[in-house]
Amino acid sequence: HVFLNRYLEVSGDYAGIDVLRFYVAYRALVRAKVRAIKAADKRQPPRHHPYIATALGLMKARTPLLVLTHGLSGSGKTTLTDGLVGPLQALRVRSDLERKRLYGLAAEARTGSGVGGGLYGAEGTRLTYDRLAAVADRALRNGFNVIVDATFLRRAERWAFRQIAAFHAARFAILDCTAPAEELRRRISARSQAGKDASEATLAVLERDTSRLEAVKTPFPRVDYSDAVRRNNLRQDVLQAGRDMVSCFTGIAPQTKAGKQMVAAAIQGLQYFLRELGRFTGVHAQGDALADAFSQLAVFLGGAQLGLA
């Protein structure tokens, strides 16, 4: 999924999702047939069953997951979702990339758009969210988990995507990303100077968006990319994040047999989250504190045998 997601983010070929499962299942059955014929010719035991299992797995009915991010520029949305694509086996669609694609621009192109102008005016934003909605709808319709990486400042924007999830009977979650104002300013300034990111957010954009931000009122996971998370109550923060993520991402009780299948994915996401906190803040949790946090989380999730460290 990481490879597939990267291909789609670079190419924008999300229309191919409609036939992807069918095509992979078809290729799996072709390989099964070839293996069965070769085994029969050589009078050897058949070895085609893994391909049959792959094809059958691709045909199973699925209950997909839609995850939205919510937060100001620099709050860690893209960094966090980078680490969730693999564990959640999800496809991610990013507003920064799709906005540029709509106008035929490369991801790192600089447009010089003013605050609320150019690509970032009302019309450009409407088209971008329409594009994100279309991709999310297509992914869910084909049984894929999908992450939509955008600011989602307004409740109306989030509500529209919740309706898409409801239409497909999909699970739904919002990652509410936060960080202190001074840290947001530092990250945005560093990113602007580097000029290697699709985002063109400036300090002026941050100031405007701060005044327009409409908070998430429902109890979805809040991810605080601030230094305080490292220094204060690390163990409790990790445990709470684990409870929130398992509850929202799996939609099933983590202590059940089905729930345990998602435990490793949730923990991998948390491990990535902690590593990124260290990268951003320079404060690294290690040794007994981190081991205790994850062992406590493993017990809570019913996965004490996972060998966490």
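The figures that follow rest on heavy atoms only: side chains count, while hydrogens, waters and symmetry mates do not.
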Do side-chain atoms of [X] reach the backbone of [Y] as a donor and acceptor pair under 3.5 angstrom?
X    : Y    : value
T202 : V205 : yes
T63  : A170 : no
D197 : R191 : no

Self-check item: Charged N-O contact under 4.0 Å between E183 and R187
Solution: yes
Quiz item: Could R212 and D209 be called an ion pair, given the rule that one side-chain N must be under 4.0 Å from one carboxylate O?
Solution: yes
Quiz prompt | Contacts of Y129 that satisfy ring-ring contact (aromatic ring centres under 6.0 Å, His included) - sequence neighbours left out | solution = F152
Exercise. Can you tell me which residue pairs pass the side chain to side chain donor-acceptor pair (under 3.5 Å) test with a partner in residues 17-35, sequence neighbours excluded?
Key: D18-R138, D18-R141, D18-N142
Connected-component partners of [X] among ILVMFWY, side-chain separation under 4.5 Å:
X    : value
I52  : L29, L56, M59
W159 : none
F22  : none
L72  : L153, L184, I188, L203, L206, L213

Quiz item: Crowded around E207 CD? As in, over 12 foreign heavy atoms under 6.0 Å?
Solution: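 No, the 6.0 Å shell around CD holds no more than 12 heavy atoms from other groups.
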For [X], which residues count as a side chain to side chain contact (heavy atoms under 4.5 Å, CB included) partner, sequence neighbours excluded?
X    : result
Q193 : none
V2   : V85
T128 : S95, R99, L102, L132

Less than 3.5 Å apart, which donor and acceptor atoms pair up between the side chains of residues 8-15 and the rest of the protein, not counting sequence neighbours?
unit_1, atom_1, unit_2, atom_2, d
E9, OE1, R92, NH2, 3.3
E9, OE2, N5, ND2, 3.4
E9, OE2, R92, NE, 2.7
E9, OE2, R92, NH2, 3.2
S11, OG, Y7, O, 2.8
S11, OG, D13, N, 3.2
D13, OD2, Y7, OH, 3.4
Y14, OH, R92, O, 3.3

Quiz prompt | Results of salt bridge (charged side-chain N to carboxylate O under 4.0 Å, His left out) for R131 - residues two or more places apart only | solution = E98
Quiz item: Just wondering, do V67 and L84 contact through their side chains at under 4.5 Å, heavy atoms?
Solution: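 They are not in side-chain contact.
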Quiz item: With sequence neighbours left out, which residue pairs that include part of residues 28-63 fulfil the ring-ring contact (aromatic ring centres under 6.0 Å, His included) condition?
Solution: none
